[in-house]
Amino acid sequence: MSKKIVLIDGHSILNRAFYALPVLTNSEGLYTNAVLGFLNILFKILDEEKPDYLTIAFDVHQPTFRHEMYAEYKGTRKAMPEELRGQVPLLKEVLKAMKISILEKGGYEADDILGTLAVRAEREGYEVSVVSGDRDLLQLATDTIKIRIPKTKKGGTEIENYNTKDVMETYGVTPKEFIDMKALMGDASDNIPGVPGIGEKTAAKIIMSFSSIENAYAHIDEVTPNKARESMINNREQAYLSKTLATIKTDCEVDYRIEDADYQEIYNEDAYNYFKRLELKSLLNRFSGVNASNAKSKKEEETKFETITGKKKAGEIFDAAVKVSGSGPVGFYLITEGEVLGLALSFGEDTCLLLAAEEAEALSGQDITAGLGRLLAAGKSFATLHLKEQLVFLPEEVREGIDDIAIAAYLLNPLQSSYECDDIARDYLKLTLPSQAEIFGKGSLKEFLKLKKEESTAFFCNYAYTALKAMPLVLEELRLKGMDSLYNTIEMPLVYALYDMEQRGIKVNKEELKEYGDKLTVGINRLEKEIYEMAGEEFNINSPKQLGVILFEKLHLPNGKKTKTGYSTSAEVLEKLQSEEPIVGKILEYRQLTKLKSTYADGLAVYISNDGRIHGKFHQTIAATGRISSTEPNLQNIPIRMELGREIRKVFIPEEGYVFLDADYSQIELRVLAHMSGDERLIEAYKENQDIHRITASLVFHTPFEEVTSEQRRAAKAVNFGIVYGISSFGLGQGLNISRKEAEDYINRYFDTYPGVKTFLDELVNEGKTEGYVTTLYGRRRPIPELTSSNFMTRSFGERVAMNSPIQGTAADIIKIAMIRVNEKLKALKLRSRLILQIHDELLIEAHKEEAEEVRKLLKEEMQNAAELLVTLEVDVNEGPNWYEAK
DNA sequence: ACTGTCACG
DNA sequence: ACGTACGTGACAGTT
């Protein structure tokens, strides 16, 4: 078997990758989409071909200013966009780090270098693949030289392959003839003039008959059509010049030895660090665990990371830590997995230790928490990451006075997808650390600690180390940005409220949930049968693809919208088709029932713990606006709008002797808007304390309050919602099912009615554009990078975000304040009632029957007074024996 | 792992 | 001309 070499056209592939992928930057702000796309293609090819040698060719283009101007004027080669320009050197650096052979030589085009190398390699007996986005290279194809052209298709890149016969099948000419064809037809992007009046079709025809332009000229009388012949005669010199220009050189003088192009160590430490820095996460798993953990940070080498075992030694460590904690902060991280597995500590200049729990009578989990308790009680300043997850193991008296650096980092930039140790080390310490997934995947922590001692020591020590070292930096930045009060008085105290909610959980009637599920199953089976009957065949109703075929091909329903992959079968589309075919209504009903069954009836059941309660998780660092999010399960999207779904709320019940109190803010976002905008009429409207949608309708449609029709009210309500979402006539039109023009009219009337709102929203967009972020009443920031986009759609999104985030975010801030106060008050008053859920503008409390009245008052009081606005905050409280009744 | 759909505020 | 309402999470199907 002959050896194989892959040659890649660097610029061409990078360029292609750039336009194929959406703009992407790492946290330093470096553009990385083209590099990522290039590497994806590179890896795909390496995986497929496993070549022995690999070289990437770049042309050293230093176009003069004039040249570029000329090219742009001609509309041929557009100047390289700024976002791509920087990625050229970046890619080269990455490739160098990967120790991949790069060839670039001034004065030659990449084409010519590739041609030269390909021909040389072929002559020396290699099998050759040339990868480029440029079809010009097809002229190089032979039986041993394969030209590969990546294509971006939906669902990834596919690569077209061309040997001699493939070129002939596709173009009807041989690769050599391809040059002549191009000489005739020309190529604007390569500045090949060609012969005027001859396009692809004619060129192909002529070359298929005569095989070369020389031969065509030799038999010029036989060339047809007449127009082409005339033009060829008149442009003879240009034709030959074009052929020269179109011919890729295969005899460049390049100093290159194929043997040097053996890429042996692409997965090395340097390369790993580059990938990590560029945040090319999807590619990191290519670096085997060994490589990843070998990539030690510099700090790690300076600071000794050590695992400590044994009670006595651990005691000494705690003594030392206690001493230090009087003067300086201590970083810690408690490693848990249902039990305490260890504790990482970092303090002083360079002390970083892991106390590992052991079997038998050595150092136990209890010893560790006791030691930590002693430390926390003695010191005053501590830093950790993900405090809420550790609280359950911290003795109760010492749970405060701890900074959660992950939460601080979230406030500084809420757009990140995660705030793990490696993210924070990267952003604030300029350190490259491996992530948990990179070192040990998703195996058990206990195994990891036991089997990979050295790696786990480093990994967990880094948590404590990162928390400690990043702490002064992030806290200072919070102060600089005026967010220290948000952090200290809202976010950190909220940690404890959320922790309490998770601990308490919510009781679920398991039997009733089961019955509810069974009821759904009966309905689902019935509908399934009916649908199969009506469709005339059985198919998977849950598959949008199969459903689309049935509805739009078999039953010939008019297909309205399309998605990327086919027909849209969304409820929005189906609702409009309901009158056409009875099957559509059945499908909608089926969808509703299966959703309820899978997500709620079956979905919730698996989360019921031994105590009969669901202990969902609440997340504080997910939503960009500052809202809380809920998972495992999501308790913030339990059905309510449709009666059948709403029924499920009956299975959420209070403990024996308790009742539910459910309190929700009435239109908190609109009230926040009234306050923030200061619009006098909106404020006045709220002072009336009447139906705001009706008032708005009355003002907007110039109709007396009493005479507002339900249709007018509905429209006004939609406009109110639209305003909060960041108004757009298109979106409002969709929401109301009216034309864009009508929607625009509504919006204009609205802004005429409430001019202060208009000014306020305009100011928000301006602020977003000049500052790069918008803020809530409490100083929470949301950066909006989309506002600088040159893409209309992206920028418009940014504008809507600029209008929505301060409103949604301020409402989130307010309810967080209420939660903290309610939770603290319940505890301070030694009541048995507890806060158990937050659903954005609603709090659910499990109140002891004897305390119900007191708690109702307290709840209403604290929620209403959580913020002092220009309009009052109204709160409705309801009581009930289950969540259904309490709402 | 991504897409479509749908549950909530 | 472009083509979406803001913020989330879960499930099923497809790649």
Side-chain angles (χ1 to χ4, degrees), chain A residues 153-156 281-282 285 414 539-548 561-574 587-588 590-604 606-607 616-619 622-642 644-646 648-649 664-665 667-669 718-719 721-736 740 743 747 782 786 789-809 811-812 815 837-842 887:
Chain A
K153 280 237 174 104
K154 58 178 182 189
K281 291 183 188 143
S282 58
N285 57 11
F539 65 100
N540 189 340
I541 312 168
N542 282 321
S543 160
K545 201 175 159 189
Q546 294 181 37
L547 181 61
K561 272 203 297 197
K562 284 209 169 181
T563 64
K564 273 174 253 173
T565 52
Y567 311 107
S568 168
T569 66
S570 67
E572 192 194 325
V573 171
L574 297 191
I587 288 164
L588 284 167
Y590 174 87
R591 281 246 179 95
Q592 201 189 7
L593 265 60
T594 49
K595 175 89 184 179
L596 292 173
K597 175 86 164 101
S598 65
T599 305
Y600 300 102
D602 299 347
L604 288 174
V606 303
Y607 289 104
K617 295 179 178 170
F618 291 95
H619 305 276
I622 302 292
T625 50
R627 276 190 174 179
I628 302 290
S629 94
S630 159
T631 64
E632 297 175 65
N634 182 353
L635 293 168
Q636 292 180 322
N637 74 345
I638 304 301
I640 189 163
R641 295 176 192 167
M642 306 292 273
L644 181 63
R646 190 177 197 147
I648 201 168
R649 292 181 172 231
D664 68 325
Y665 281 112
Q667 292 142 357
I668 184 165
E669 289 180 341
V719 178
F721 266 98
I723 295 291
V724 169
Y725 287 161
I727 197 80
S728 85
S729 53
F730 193 94
L732 179 64
Q734 283 244 279
L736 272 176
R740 216 204 78 253
I747 293 168
R782 160 131 191 206
E786 292 89 350
S789 172
S790 55
N791 180 301
F792 172 85
M793 200 186 79
T794 309
R795 199 175 53 248
S796 304
F797 172 74
E799 290 169 0
R800 293 194 296 273
V801 165
M803 295 187 261
N804 168 267
S805 292
I807 302 171
Q808 192 182 113
I815 196 160
L837 292 183
Q838 186 254 41
I839 310 102
H840 310 306
D841 64 351
E842 170 189 354
K887 209 27 195 138

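Convention: sequence-line order gives letters A, B, ...; per-chain numbering from 1.
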- Can a side chain N or O of A:Thr594 be found less than 4.0 Å away from OP1 or OP2 on C:dC11? no
Which of B:dT5, C:dA10, C:dT8 is nearest the side chain of A:Glu632? It is C:dA10
Regarding the side chain of A:Ser568, the nearest nucleotide among B:dG9, B:dT5, C:dA12 is B:dT5
| Sub-3.5 Å donor-acceptor pair from the side chain of A:Gln546 to the main-chain atoms of A:Asn540, do we have one? | yes
Select base, sugar-phosphate, or nothing to describe what A:Ala718 touches, counting heavy atoms under 4.0 Å on all strands. base
Side-chain atoms of A:Arg782 come closest, of C:dG7, B:dT5, C:dG13, to C:dG7
Original post:
Do side-chain atoms of A:Gln636 reach the backbone of A:Gln838 as a donor and acceptor pair under 3.5 angstrom?
Top reply: yes
Report task. Look at all strands and tell whether A:Ala571 reaches a base, only sugar-phosphate, or nothing, counting heavy atoms closer than 4.0 Å. Result -> sugar-phosphate
_Does C:dT4 have its OP1 or OP2 closer than 4.0 Å to a side-chain nitrogen or oxygen of A:Arg800?_
no
From the candidates C:dG13, C:dA5, C:dG7, the one with an atom nearest any side-chain atom of A:Gln734 is C:dA5
Against the side chain of A:Met793, the closest entry in C:dG9, C:dA12, C:dG3 is C:dG3
Looking only at C:dC11, C:dC2, C:dA10, the nucleotide nearest the A:Phe792 side chain is C:dC2
(request) Using modelled atom types only, decide if a donor and an acceptor are shared between the side chain of A:Arg740 and the backbone of A:Phe730 within a distance under 3.5 Å. (result) no
For a quick check of understanding: with a heavy-atom distance under 4.0 Å over all strands, which category does A:Glu842 fall into, base, sugar-phosphate or nothing? nothing
Measure from the side-chain N and O atoms of A:Ser630 to the backbone N and O of A:Leu635, and report whether any donor-acceptor pair falls under 3.5 Å.
-> yes
Hey, is A:Phe797 doing a stacking thing with C:dT4, by the 5.5 Å centroid and 30° angle criteria? no
- side-chain N/O A:Ser629 vs C:dG9 OP1/OP2, d < 4.0 Å: yes
Regarding the side chain of A:Ser598, the nearest nucleotide among B:dT5, C:dA12, C:dT4 is C:dA12
- request: Give one of base, sugar-phosphate or nothing for A:Ile638, where a contact means two heavy atoms less than 4.0 Å apart.
  value: sugar-phosphate
Closest of B:dC6, C:dG9, B:dG9 to the A:Gln808 side chain is B:dG9
- So what does A:Leu596 touch, heavy atoms closer than 4.0 Å: a base, only the sugar-phosphate, or nothing? nothing
message: Below the 4.0 Å mark, does C:dT8 have OP1 or OP2 next to a side-chain nitrogen or oxygen of A:Arg627?
response: no
- Query: Counting any heavy atom closer than 4.0 Å, what does A:Ile628 reach on the DNA or RNA strands: base, sugar-phosphate only, or nothing?
  - Reply: nothing
*Taking the P atom of each, how far is B:dG4 from C:dG3, in whole Å?*
15 Å
Comparing nearest nucleotides in DNA chain C, the 5'-proximal residue of the pair A:Thr631, A:Phe721 is A:Phe721
Exercise for the section: Indicate yes or no for a side-chain donor-acceptor contact from A:Arg649 to the backbone of A:Pro639 under 3.5 Å, with no hydrogens or angles considered. Expected result: yes
Margin query: Over all strands shown, is A:Asn540 touching base, sugar-phosphate only, or nothing at heavy-atom distances under 4.0 angstrom?
Written below: sugar-phosphate
Practice prompt. For A:Thr594 and A:Arg591, indicate whether the former's side chain and the latter's backbone hold a donor-acceptor pair under 3.5 Å.
Written response: yes
Which of C:dT4, C:dT14, C:dG7 is nearest the side chain of A:Phe730? It is C:dT4
Of the candidates B:dG9, C:dA10, B:dT5, the side chain of A:Thr599 sits closest to C:dA10
- Message: Between C:dA5 and B:dC2, how far apart are the two C1' atoms, rounded to whole Å?
- Response: 24 Å
*Across the strands shown, which category fits A:Arg591 at heavy-atom distances under 4.0 angstrom: base, sugar-phosphate, nothing?*
sugar-phosphate
(request) Establish, with yes or no, whether the OP1 or OP2 oxygen of C:dT15 is under 4.0 angstrom from a side-chain nitrogen or oxygen of A:Lys545. (result) yes
C:dG9 -> Watson-Crick or G-U wobble partner, both distances under 3.5 Å, gives B:dC6
- prompt: Taking the same atom, P, in B:dC6 and in C:dC2, what whole-Å distance lies between them?
  reply: 27 Å
